[in-house]
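Notes to accompany the following structure.
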Amino acid sequence: MQENLVIVESPAKAKTIGKFLGKDFVVASSMGHIRDLEKKDFGIDIKNKYRPKYIVSEDKKKVVAELKKLTREARIVWLASDEDREGEAIAWHLQDELKLNPENTKRIVFHEITKDAILNAIHHPRAIDINLVDAQQARRVLDRIVGFEISPVLWKKVKPSLSAGRVQSVAVRLIVEREREILNFNSTSYFRVTGQFLARLADGTTAEIRAELSSRFDTENEALAFMEKCKNSEFHVADITQKPTRRSPAQPFTTSTLQQEASRKLGFSVSQTMTVAQKLYEAGRITYMRTDSVHLSSLALHTAAQKISELHGEKYVKTRQYKTKTKGAQEAHEAIRPTYMQEETIPGTAQEKKLYELIWKRTIASQMADALLEKTVITIDISNAKEKFTASGEVIVFDGFLKVYLESTDEESVSPGGQLLLPAVRVKDQLKPQGIQATEKYAQRPARYTEASLVKGLEELGIGRPSTYAPTITTIQNREYVVKEDRPGKERNYLLLELNGKEIVRSVKSEIAGAEKAKLFPTDIGMVVTDFLNDHFNQIMDYHFTASVERDLDEIAEGKKIWYEVIDRFYHPFHANLDNVLKSSEKTRGERILGSDPVSGRQVSVKIGRFGPIAQLGESSPDKEEEKPQFASLRPGQLLETITLEEAIELFRMPRELGNYENKSVVVGIGRFGPYVRHNNQFISLTRNDDPYTVTIDRAIELIALKREKESKAVIRIFAEEPELKILNGRWGPYLVYKKENYKIPKTVKAEDLSLEECLNIVNGEGNKSIKRKKARK
DNA sequence: CAGTGAGCGAGCTTCCGCTTGACTT
């Protein structure tokens with residue numbers, strides 16, 4: 001008989017703890033939650049105090065069977081899941097499902113995975129906190145009610161398979177609202193004035209000062225008037241101020257800040273960051289990667305101080321403990337940090353190395369001294385104008401944590417009046433102008449969300465948890481509410497006025513503005529669903545809804561409220577409203593009537609069709625059979641909300657006959673997979689740079705030739721003896737096709753050298769599973 | 001994979017949070 005069984009949530013954690021506890025203890029893991037609400041029949045008995053119907057999840061049956069076996073063999077079972085709402089519920093589900101006897105079941109918690117912390121926990125067991133469990137049940141039941149009652153309304157009123165939820169719908173709302181702010185943004189321009197001046201220093205040398213005018217001008221005329229005044233002006237140093245400042249390091253990483261920094265500094269997507277972090281965690285390199293805590297263990301503080309002292313000396317050390325301020329944080333874990341602070345780098349893939357170094361630097365920097373800076377501002381008088389130029393500089397007096405790490409920001413801000421070290425000028429020194437420029441600038445529109453900045457936005461609202469940030473972002477993209485895309489910028493002109501000597505030169509320059517990389521854009525369906533939910537389910541869409549739910553959950557956890565009463569107060573008004581929406585509201589298609597076609601006089605409108613957004617020419621009416629409306633899909637980047645009449649009419653110019661080639665017609669059109677050329681029943685996609693509205697027959701023929709060339713190269717080898725077997729060249733290199741199934745060719749052999757026999761070996765070979773196409777979406 | 005878009009009806013879709021694999025086209 002085994003003496004003790006400890007159950008934790010994660011296998012990696014089980015492994016570590018097993019080492020600390022010795023042979024009287026077996027440590028197993030539950031792999032997170034083992035049960036969930038039944039999916040069919042709602043899983044909640046609404047009429048019976050919202051009683052949840054729990055079932056063991058399909059993928060946890062093996063885990064539960066294994067745990068049952070282990071519990072039968074143990075004398076004492078220690079439930080060591082995390083000390084938060086979800087962790088407490090996991091412990092309770094384990095006790096219930098494994099039918100543990102309360103007399104030999106103990107609940108323990110620890111926040112650090114160290115021998116001391118665990119032994120201490122073993123000495124201070126407690127019972128399961130049923131109030132905390134109830135808070136979790138309330139959270140779970142509420143999310144089920146919201147998700148499983150509203151989603152079917154969307155199927156009826158908007159489109160099948162859509163979804164709504166407390167977290168995802170608000171995430172989409174953020175993106176939709178930001179997009180509308182951008183669409184409505186009126187970009188005004190102003191004139192920013194910069195100047196370069198030469199100063200003669202005390203030692204006889206000369207030095208340049210770059211400065212910016214402290215005021216801006218709204219119009220060209222004002223800027224010009226100012227430049228005129230500068231023509232005959234003298235420039236003097238009016239004032240020099242020096243001010244010491246200090247800068248402190250950023251807090252250690254949480255899931256959210258790690259995702260943001262990995263996105264900004266390494267260009268990782270949110271899910272990529274989590275996958276790599278998971279690998280590092282499993283390899284024992286870092287602490288747990290799903291956390292909202294900035295707390296560091298005393299061991300970490302100690303070893304960080306040691307390492308800093310060793311690398312940079314004692315004066316760079318400043319031990320700091322951070323307090324988590326995030327809304328709704330549950331602090332079951334430490335911050336994300338290296339397990340061994342001594343290790344600056346680790347072996348592994350390039351991505352693992354980069355992410356590890358980022359974590360190491362951030363953690364180390366958080367334990368280092370402030371940087372001390374000296375900020376200098378030189379003010380320059382203009383003899384004929386009241387405005388003043390200023391030049392500012394920042395000199396690092398003591399680098400402190402900056403030696404290791406500087407946090408990035410989302411905005412790129414480089415001011416032309418900023419430079420590091422300013423020359424040692426004195427007050428009243430005369431400065432010789434080298435050039436003064438007034439440049440037209442446009443006010444910045446709000447920035448679109450990246451995956452990581454959306455996570456930041458959600459976290460600030462207290463919506464979602466570290467374990468759900470990445471999946472939520474995947475969900476809203478899978479539902480096609482949002483797309484992550486690059487968009488090219490547009491060229492725009494700006495004015496430049498330059499004063500060189502006594503002459504003002506005016507020129508028109510151009511720049512590319514508004515280019516986007518990996519940004520989140522709402523789709524039409526995302527906008528229509530958001531509007532629908534805002535109109536009819538305002539409470540759920542409210543940015544403060546989760547926060548108010550959290551307050552209730554806290555009171556349940558404190559034993560001040562009964563969980564199903566809280567749910568009951570929510571449910572009745574919610575459900576009554578929902579019934580009303582089902583009865584009264586019309587089906588929403590986001591329809592807009594744009595006007596009428598000047599040629600035919602028929603009405604032009606846009607709406608969401610069965611296969612996505614479409615434009616419609618003419619109206620459908622049962623008595624005019626011969627005048628059926630024409631349809632055309634909107635193109636990527638076009639929105640129902642913003643498309644113009646002209647753009648919509650343009651869509652009906654497709655498909656377009658280009659001419660003949662080899663006695664067959666060449667037609668250009670736009671299909672489900674984008675613009676294409678059709679010739680001899682073959683479809684050839686246009687490239688990114690081809691415009692289907694202007695593409696010529698010559699270009700089409702070129703594309704046809706390219707396609708033929710590619711096809712001739714596609715077949716590496718065929719076998720006369722076995723016509724069903726082919727070696728083909730695909731997107732990912734050579735592969736085998738046999739009886740319509742694809743097979744991988746091992747990297748160790750050359751595809752062109754394979755014999756028929758070798759090929760069949762691969763087909764029948766073990767460990768070389770056929771690559772089957774999965775139809776499942778996800 | 002690409003000439004769709006009428007209308008009916010059956011059966012399906014869906015939430016959030018905790019955790020790993022099993023999948024990678």
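Throughout, protein chains are lettered first and strands after them, A, B, ... in sequence-line order, and every chain is numbered starting at 1.
Remark: P of B:dC16 and CD1 of A:I150 are 10 Å apart, rounded to the nearest angstrom. One can place CD1 of A:I34 at 20 Å from P of B:dG17, the figure rounded to the nearest angstrom. B:dT14 atom P lies 15 Å from atom CG of A:D36, rounded to whole Å. Nucleotide B:dG7 holds its P atom 11 Å from the CZ atom of A:R610, rounded to whole Å. Atom CG of A:L37 is separated from atom C1' of B:dC15 by 10 Å (rounded to the nearest Å). One can place CD1 of A:I7 at 15 Å from C1' of B:dC18, the figure rounded to the nearest angstrom. Between the P atom of B:dC16 and the OH atom of A:Y469 lies a distance of 14 Å, rounded to the nearest Å. Nucleotide B:dT14 holds its C1' atom 14 Å from the CG atom of A:L582, rounded to whole Å.
A centroid separation of 6.0 Å or more is found between the aromatic rings of A:F631 and A:F652. Between A:Y676 and A:F683, the ring center distance clears the sub-6.0 Å criterion.
A donor-acceptor pair shorter than 3.5 Å can be found between the side chains of A:S163 and A:Q168.
Qualifying ring pair (Phe, Tyr, Trp, His ring centres under 6.0 Å) partners for A:F537, counting only residues two or more places apart in sequence or in other chains: none.
Taking every side-chain heavy atom of A:S633 into account, B:dG5 is the closest of B:dC15, B:dG17, B:dG5.
Residue A:S163 is in sugar-phosphate contact alone, with no base atom involved, counting any heavy-atom pair closer than 4.0 Å across all strands shown. Within the 4.0 angstrom heavy-atom criterion, no nucleotide atom of any strand lies near A:Q616. Using a 4.0 Å heavy-atom distance criterion, A:G87 is classed as making no nucleic acid contact. Looking at heavy-atom distances under 4.0 Å, A:A89 makes no contact with the nucleic acid at all. Looking at heavy-atom distances under 4.0 Å, A:R139 makes contact with a base.
In summary, A:E650 and A:R653 engage in a salt bridge, as defined by a charged side-chain N under 4.0 Å from a carboxylate O. Looking at A:D96 and A:R35, a side-chain N of the basic residue comes within less than 4.0 Å of a carboxylate O on the acidic one, giving a salt bridge. No salt bridge links A:D41 with A:K53; every basic N to acidic carboxylate O contact stays at or beyond 4.0 Å.
The aromatic ring of A:W155 sits over the base of B:dT13, with ring centres less than 5.5 Å apart and planes tilted by under 30°.
Cation-pi geometry between A:R479 and A:Y481 is not met at under 6.0 angstrom from the ring centre and within 45 degrees of the axis. Geometrically, A:R173 engages A:Y543 in a cation-pi contact defined by less than 6.0 Å to the ring centre and at most 45° from the axis.
Screening residues 149-167 of chain A for salt bridge (charged side-chain N to carboxylate O under 4.0 Å, His left out), with sequence neighbours left out, gives A:D143-A:R166. Applying the salt bridge (charged side-chain N to carboxylate O under 4.0 Å, His left out) rule to pairs touching residues 8-17 of chain A yields A:K13-A:D82, sequence neighbours excluded.
Taking 4.0 angstrom as the limit, A:R479 places a side-chain polar atom (N or O) nearer than this to OP1 or OP2 of B:dT14.
Residues from residues 140-149 of chain A that place a heavy atom under 4.0 Å from any atom of DNA chain B, listed by number: A:R140, A:D143, A:R144, A:G147, A:F148.
With a 3.5 Å limit on both pairing distances and Watson-Crick or G-U wobble geometry required, DNA chain B contains no stem of 3 or more pairs.
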Show each protein N/O and nucleotides 19-21 of chain B N/O combination with a separation under 3.5 Å, one pair to a line.
{"residue": "B:dT19", "atom": "OP1", "partner": "A:Y288", "partner atom": "OH", "Å": "2.5"}
{"residue": "B:dT19", "atom": "OP2", "partner": "A:Y288", "partner atom": "OH", "Å": "2.7"}
{"residue": "B:dT19", "atom": "OP2", "partner": "A:R290", "partner atom": "NE", "Å": "3.0"}
{"residue": "B:dT19", "atom": "O5'", "partner": "A:Y288", "partner atom": "OH", "Å": "3.3"}
{"residue": "B:dT19", "atom": "O4'", "partner": "A:G32", "partner atom": "N", "Å": "3.4"}
{"residue": "B:dT20", "atom": "OP1", "partner": "A:S10", "partner atom": "OG", "Å": "2.9"}
{"residue": "B:dT20", "atom": "OP2", "partner": "A:Q278", "partner atom": "NE2", "Å": "3.1"}
{"residue": "B:dT20", "atom": "OP2", "partner": "A:R290", "partner atom": "NH2", "Å": "2.8"}

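Counting all heavy atoms, side chain and backbone alike, A:I476 lies closest to A:A171 at CD1-CB, 4.3 Å.
Residues A:T468 and A:L162 both approach DNA chain B. Their nearest nucleotides, taken by heavy-atom distance, put A:L162 toward the 5′ side.
Looking at A:R465, its side chain has no donor and acceptor atom pair within 3.5 Å of the base of B:dC16.
Within the model, atoms CZ of A:F268 and CD of A:Q351 stand 4.5 Å from one another, a figure rounded to the nearest 0.5 Å.
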